[in-house]
Amino acid sequence: MNMSEKEVTCDEPDQVDVFGTISHSITSRDVLQDIKSDQTDDDDEDGVSIKRSKLETNTISNKHVDLVSAEKSDDNVIMKTNKKSEWEILEHQGPIFPAEYTPLPDNVQFIYDKQKIKLSPAAEEVAGFYAKMLDHKYTENKIFNENFFTDWRDIMEEEEKNLIKDIAKCDFSQIKDYFELLSENKKKQTTEEKKMLQSERKKIKNKYGYCIVDGNREKICNYIIEAPGLFKGRGDHPKMGKLKTRVMPEEITINCSRGSVVPKPPAGHQWGNIIHDNSAFWLASWVGKVSGKKKYVELDPSSTLKQEKDKQKYDTAKRLHKYIDEIRKSYTEHSMNNMSILERQRTVALYFIDKLALRAGNEKDDDLADTVGCCSLRVEHVELYDIKDNKENVVEFDFLGKDSMPYYISVPVEPHIFKNLVEFKKNKKDTEDLFDDLDTKSLNEYLKTLMPELTAKVFRTYNASRTLQMKLDAFNKADATIDEKVQHYNQANREVATLCNHQRTARVPTSARAEKLEKEIKQARLKVDIAETEDSRESARRELIKLENRLDQTLNKQVALNTSREHYMDPRITVAWCLKHDVPLHRVYSERLLSKFQWAIKLADKDFVFG
DNA sequence: AAGTCGACTTGCCTGGACAGGC
DNA sequence: GCCTGTCCAGGCAAGTCGACTT
């Protein structure tokens, strides 16, 4: 799409129709023009204006709601509501909006029942969303198609609605071909053209992608509002295919500090609301059309505030180490005979959460995909075997977890755990809750009695970080090369990812490739062993490492290492290990992680131990 | 006491940049 | 150079958990 093509056509607020056809004013051109004018006048050095605009603040001042200052008049209120002020100054430019819809050329047409039809812009835009997804499996899904068709017809004009009644008679192929052509053309852009677009994007990011928090310039995570499209739920989502309509400035609540420059809404528009709530981190929010849930424009993980929270998270997890022996005793050594059903269910649930790193498992609404965690496990998700594969008391889990990722594992458990599971399943239907007396709220309340701030998710962080620490500690190859060290780190990372069941769909089938590589590695090992000269041994060894690396990468296709690296492994462990073994940090952390983990890198404690 | 909601954390997927093999 | 595979930032969906409501 051509960002600079659009014209600003509307400066009159009264011409704006929030939910109707979109033909006014929110364009990237606005943004670009803003940048140009700002650069010549009121911008400070890093591109963020700190000049106050009286006009802007005046026009919307009657809408201001100041939550925290209302509370500030009474300190007790703050104590009671537990609302902490997180910042004094929060100043930003407001989010920016995706380019408005560019209608298709007249020769590109939608065909219904062999008849060419020029759709109204709104209907055409939505047809385009669908056409772009024709190569995807989604468009073969019955639910997806039904949801799409219903929502599409809802925004059609009467005439269109009367005509277009059967999705089977719809032919989007011309539209699809057109979008393919556009993306072909985009690929053919010269390096110069690409550079131009890149620098334009950079300018926009420089202006809108940063904010000021208490004097620090901080990166914003998602400063561009989500584009309209069709909802792509994960797994068997009942709402897949529903229309995500364009988010308008009038739907957006801005959060900034009182007295700071109120961000400028796009020409001809107004913000829905402006608040000054310094107990919250978010800069802007709106309500998601499909989910009905609030969405937020937030600070980037590299920001000071997010880094502080991240450190706190790992400190809490680290603290669990002091308590863990005692907690484990409670579910291994104590007889459960005199416990209530609730207590026994809680004990067994905690055992799973600690041993298998299961998630808490909140109750879910039924307008979401059917997935479970520990507390929401049902009878059908757990099979019990007195003996399986020569092991006693085996529990077989088979369920869909977060993001509908399959969780399948067979584990032997302590006899008393097994005995209780048999009882929890007794006289229940498959679809009934395994832990029918337990929910996450009461589980977490109980955990708080074991350790302050302890919740179910802390166990995942704890066990992930502990696993990494122990696996890295086991590394003692004195003459290892950097490559070998990195490989060892990845191996440790993979163990953590496996524990947390972090998976990713391989883009190409990989198992055949892995098999082939394994064979080659066997042969390479043999070559190292039989090499006669020091030179040939060395080159055989290099070859072997290369193959092992490749197998590593191949296996990595099934296990996603990134999620645990980003969210579960205390970065202080990694920093310490890299320092100790002279591994440059950028070999294990991407740019994004290097900036997210600044707090740990600055500490640079070679002797840090998670435990 | 249970249900709902707000705010924040976690997690998979994707498109585009880049690298390495031919 | 082109083709193919790899890596990563970014996108946004989907969790967790505490607070608020009823």
Side-chain angles (χ1 to χ4, degrees), chain A residues 80-83 86 98 136 183 186-187 189 191 194 197-198 201 205 209 219-227 229 231-235 237 239-240 244 253 255 277 279-282 285 287-288 290-302 305-306 309-310 312-313 359-365 368-369 371-376 400-405 439-445 447-448 453-458 460-461 464 497 500-508 510 513 549-550 553-554 556-557 560-568 589-596:
Chain A
K80 269 187 216 154
T81 57
N82 202 19
K83 275 201 169 183
E86 304 281 0
H136 204 287
S183 82
K186 206 175 167 192
K187 278 182 202 152
Q189 280 172 342
T191 327
K194 281 182 188 168
L197 284 171
Q198 226 168 26
R201 244 176 279 139
K205 184 172 180 172
K219 207 169 156 187
I220 302 170
C221 189
N222 53 329
Y223 59 96
I224 304 173
I225 294 296
E226 291 171 18
F231 176 77
K232 289 187 264 188
R234 293 170 198 164
H237 196 120
K239 288 185 175 176
M240 61 165 78
K244 262 173 59 167
T253 298
N255 190 23
D277 178 1
S279 70
F281 288 109
W282 55 267
S285 72
V287 176
V290 175
S291 66
K293 300 255 188 256
K294 274 203 171 189
K295 299 202 166 198
Y296 302 91
V297 173
E298 287 177 88
L299 291 170
D300 189 78
S302 66
L305 284 169
K306 290 276 189 185
K309 287 211 153 192
D310 202 37
Q312 276 170 24
K313 177 185 79 181
R359 297 185 185 82
N362 286 311
E363 296 298 326
K364 291 179 75 180
D365 292 344
L368 301 165
T371 64
V372 298
C374 187
C375 293
S376 48
L400 296 181
K402 181 175 178 179
D403 291 309
S404 295
M405 301 313 284
D439 59 22
T440 55
K441 197 189 279 182
S442 72
L443 175 65
N444 281 333
E445 264 166 28
L447 293 178
K448 292 268 179 316
E453 286 162 88
L454 186 61
T455 61
K457 79 197 258 292
V458 177
R460 258 168 93 79
T461 314
C500 296
N501 195 41
H502 291 145
Q503 304 182 17
R504 65 173 183 179
T505 326
R507 280 180 180 176
V508 284
T510 54
R513 204 173 151 204
N549 273 332
R550 203 171 290 169
Q553 287 165 355
T554 308
N556 280 354
K557 283 202 166 141
L561 303 192
N562 207 47
T563 305
S564 49
R565 213 174 281 206
E566 226 176 303
H567 299 296
Y568 286 102
Y589 282 155
S590 64
E591 281 304 311
R592 187 164 69 156
L593 293 191
L594 285 173
S595 53
K596 171 174 177 170

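The analysis underlying the following values was restricted to heavy atoms, covering all of them including side chains, and did not include hydrogens, waters or symmetry mates. So you know, we letter chains A, B, ... as the sequences are listed, proteins then strands, and number each from 1.
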At under 4.0 Å, does any side-chain N or O of A/Thr563 touch on OP1 or OP2 of B/dC12? yes

Distance test, side-chain N/O of A/Asn444 to OP1/OP2 of C/dC17, below 4.0 Å:
yes

| said: Taking only side-chain N and O atoms of A/Lys457, does any of them lie within less than 4.0 angstrom of OP1 or OP2 on C/dG15? | reply: no

Checking C/dC12, B/dT9, B/dC13 against the side chain of A/Thr505 (C-beta onward), the nearest is B/dC13

Quiz item: Contact class for A/Gly361 (heavy atom, under 4.0 Å): base, sugar-phosphate, or nothing?
Solution: sugar-phosphate

Describe the nucleic acid contact of A/Lys187 in one word from base, sugar-phosphate, nothing, applying a heavy-atom distance below 4.0 Å.
nothing

Checklist line | Base B/dG15 paired with A/Lys186 side chain (donor-acceptor, <3.5 Å) | finding: no

Closer than 4.0 Å, any side-chain N/O of A/Ser590 to the OP1 or OP2 of C/dA9?
yes

Using a heavy-atom cut-off of 4.0 Å across all strands, would you classify A/Gly373 as base, sugar-phosphate, or nothing?
nothing

**Request:** For A/Arg565, answer base if it contacts any base atom (sugar-phosphate contacts may also be present), sugar-phosphate if it contacts only those atoms, and nothing otherwise; contact means non-hydrogen atoms under 4.0 Å.
**Result:** nothing

Mutual orientation of the aromatic rings belonging to A/His237 and A/Phe231 [parallel < 30°, tilted 30-60°, perpendicular > 60°]:
perpendicular

note: A/Met240, atom CE; B/dC13, atom P; distance rounded to Å ~ 14 Å

Closest to the 5' end of DNA chain B, once A/Lys441 and A/Thr461 are matched to their nearest nucleotides, is A/Lys441

A/Tyr223 OH to C/dC12 P, in whole Å, measures 12 Å

Exercise. Under 4.0 Å between any heavy atoms, over every strand shown, what does A/Glu298 touch: base, sugar-phosphate, or nothing? Just pick one.
Key: base

Here the distance between atom C1' of B/dT14 and atom CG of A/Asp403, to the nearest Å, is 15 Å

Of A/Arg234 and A/Ala280, the one whose closest nucleotide on DNA chain B sits nearer the 5' end is A/Ala280

Q) Between the side chain of A/Lys364 and the main-chain N/O of A/Ala369, is any donor-acceptor distance below 3.5 Å? A) yes

Rounded to whole Å, the NZ-P distance (A/Lys294 to C/dC17) equals 22 Å

A/Lys313 has its side chain closest, among C/dG10, B/dT10, B/dC12, to B/dT10

- Sub-4.5 Å side-chain heavy-atom contact between A/Val297 and A/Ile225: yes

N or O in side chain of A/Lys232 less than 4.0 angstrom from B/dC13 OP1/OP2:
no

Assign A/Arg359 to base, sugar-phosphate, or nothing according to its heavy-atom contacts below 4.0 angstrom with the strands shown.
sugar-phosphate

Original post:
Side chain of A/Lys402, base of B/dT10: donor and acceptor closer than 3.5 Å?
Top reply: yes

task: Would you tell me if any nitrogen or oxygen in the side chain of A/His237 comes within less than 4.0 Å of OP1 or OP2 on C/dA14?
output: yes

The residue, A/Cys374 or A/Glu591, whose nearest nucleotide of DNA chain C is more 5′ is A/Glu591

A/Lys306 side chain vs A/Glu298 backbone, donor-acceptor pair below 3.5 Å: no

*Can you check whether A/Cys375's main-chain N or O pairs, donor with acceptor, with A/Asp439's side chain at less than 3.5 Å?*
no

To the nearest angstrom, the CG-C1' distance between A/Leu443 and C/dT16 comes to 12 Å

Mind checking if A/Lys309 touches a base, just sugar-phosphate, or nothing, with heavy atoms under 4.0 Å? sugar-phosphate

* Asked: Are OP1 or OP2 of B/dA17 and a side-chain N or O of A/Arg201 less than 4.0 angstrom apart?
  -> no

Note: for A/Ser291 and A/Asn562 on DNA chain C, the residue whose nearest nucleotide lies more 5' is A/Asn562

>> Check this one for me: any side-chain N or O of A/Lys293 less than 4.0 Å away from OP1 or OP2 of B/dT4?
In response: no

- request: Ignoring backbone atoms, test whether A/Tyr589 places a side-chain nitrogen or oxygen under 4.0 Å from the OP1 or OP2 oxygen of C/dC8.
  value: no

When rounded to whole Å, the NZ to C1' distance for the pair A/Lys194 and B/dA17 reads 9 Å

**Asked** Between A/Lys205 and C/dG10, is there a side-chain N or O to OP1/OP2 distance below 4.0 Å?
**Response** yes

Margin query: Main chain of A/Ser302, side chain of A/Lys219: is a donor-acceptor contact present, judged purely on distance under 3.5 Å?
Written below: no

Just to be sure I understand the rule, does A/Ala369 reach a base, reach only the sugar-phosphate, or reach nothing, if contact means heavy atoms closer than 4.0 Å?
nothing

NA contact type, A/Lys244, heavy-atom cut-off 4.0 Å: base, sugar-phosphate, or nothing? sugar-phosphate

Practice prompt. Mark yes or no for whether A/Lys596, through its side chain, and A/Glu566, through its backbone, hold a donor-acceptor pair below 3.5 Å.
Written response: yes

Rounded to whole Å, the CZ-P distance (A/Arg504 to C/dT6) equals 9 Å

Atom NZ of A/Lys596 and atom P of B/dG11 are separated, to the nearest Å, by 11 Å

Please check: side-chain N/O of A/Asn255 versus main-chain N/O of A/Phe281, any donor-acceptor pairing under 3.5 Å? no

Classify A/Thr371 by what it touches in the nucleic acid, base, sugar-phosphate, or nothing, heavy-atom distance under 4.0 Å. sugar-phosphate

message = Would you say A/His502 places a side-chain N or O within less than 4.0 Å of OP1 or OP2 belonging to B/dG11?
response = yes

task: Indicate whether OP1 or OP2 belonging to C/dG15 is found under 4.0 Å from a side-chain N or O atom of A/Asn362.
output: no

Query raised in the report: Between the base of C/dG10 and the side chain of A/Arg592, is there a donor-acceptor distance below 3.5 Å?
Result: yes

